[in-house]
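This report refers to the structure that appears directly beneath it.
Order of listing sets the numbers, starting from 1, for every ligand and every atom in it.
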Amino acid sequence: MNWKGRKSGNGHGKVARYSAFQLVRQGVSGDDWPRAWRHHDLRGAYDVVIIGGGVHGLATAYYLASRHGITNVAVVDKGYIGGGGSGRNTAILRSNYLTPEGVAFYDRSLHLYQHLSSELNFNVMFSQRGHMTLAHNDSSLRTMRWRAEVNKIQGVDSRVIGPEEIKRLVPPMDTSDRTRYPILGALYHPPGGIIRHDAVVWGYARAADALGVQIHQETEVTAIDVAGGRVQGVQTSRGPIAAPVVVNCTAGWASLIAAMAGVDLPIITHPLQAAVTEPVKFFLDTVVVSGTLHVYVSQTDRGELVFGASVDPFASYSMRASLEFLEEVAGHVLQLMPSIATMRVLRQWAGLCDMTPDYSPIIGTTPVDGFIVDVGWGTYGFKAGPAAGEAVAELVATKRVPGLIAGFDLARFGDGRLVGEKGAAAVGH
Ligand code: PYC
């Protein structure tokens, strides 16, 4: 079910649909647009408390309300919604993973993203322009072939292409054999692309709010109450909340939040940096990734180039950007596309990645009854948001673990059932 045209769950009447007609009406009347989501006093109890107001937390809230009718839900965030990993990633979407579990999961997410603008009545600006992972040596070419075969078997459009087709798709790419790391081929994945991360977060927030979910920004969780092996609620900077279900949808601080409930997670947190240039005329039609050169680059609809690299090689909660990163990423991207040498970088930033031993997430129940985790996304979190939210909502509503996430349980680390997804990382870590 989707939320459009429904009464908002808190009795505030119908939520305005965004449309050309509504745009004209607002313009002529001069009325303010209604707030996309509202401020509420904190209730003392909810059916579900979701910690983290990024894409995962808000998607979970939205699917709880829209698919299962569970609306007595609070999403709490210590800052503002989308201000953590959701606002810091490079918004690349793809499903060309290596393991059958990973391919099925991320493909479901891609499918939900494809239909998200119409489902949420909010333009999330998904630009499905194709995604290309370059191979500069025999072993990466072998991994690309492996991924292409796993993808094809599961119905995901991926294939290995050669330098000629790469040059045709990305004319500024240096595909000659005179470079330090000549390009031998690439894994080409046409359904991949980029999206506007703030639009995704705001779209989910607006739709969840319209269904009665309460979004509480600047509400920091300071403790999680557990008694008799069962979660009881949370303590926050705005007071206590009782709840039989608490979902940890945080990124960057996931292991610290879990530790508040006495749950140990095998996560190490690393910073990941990115940068953006001034806008220029559109010339880069595909997302380009090179694991060997530790770089990925795409061009936004505004014309800026967005670059990223691998995670910083040390564990830290620092979100400072560094000159070393910029020097390295600029040098590497110029090996791929020497003609962009005079473009100026406008901004750089960092986010936090919760890395697990197998580069797959931890999603599902924990030894504490009612305390659920959707964490450990490493560098894959934003693309996973819709499928993770949908699956966690189903788990909360039905108390059954959906097949799509069964392999990503916390117990796998003790049982030795790892889901090795390092080979599908955008860049080497
Ligand atoms: O996995 O596509 C990816 C990715 C891009 C940037 C960081 N991770």
Could you label the plane-to-plane angle of the Y62 and Y204 rings as parallel, tilted or perpendicular, counting under 30° as parallel and over 60° as perpendicular?
tilted
When the aromatic ring centroids of Y380 and Y359 are compared, is their separation below 6.0 Å?
no
Any pair counted as salt bridge (Lys or Arg N to Asp or Glu O under 4.0 Å), so long as it reaches residues 354-381, sequence neighbours left out
R230-D369, D358-R412
Please name the residue in the list I161, L284, D285 that meets the side-chain contact (heavy atoms from CB on, under 4.5 Å) test with L169.
I161
Taking the six-membered ring for Trp, is the centroid-to-centroid distance between W377 and F382 below 6.0 Å?
no
For ligand 1, the residues whose heavy atoms come within less than 4.0 Å (ordered by chain, then number):
T90, I92, R94, Y296, T379, Y380, K383, A426
With R196 as the cation and F126 as the aromatic partner, state whether NZ or CZ is under 6.0 Å from the six-membered ring centre and within 45° of the axis.
no
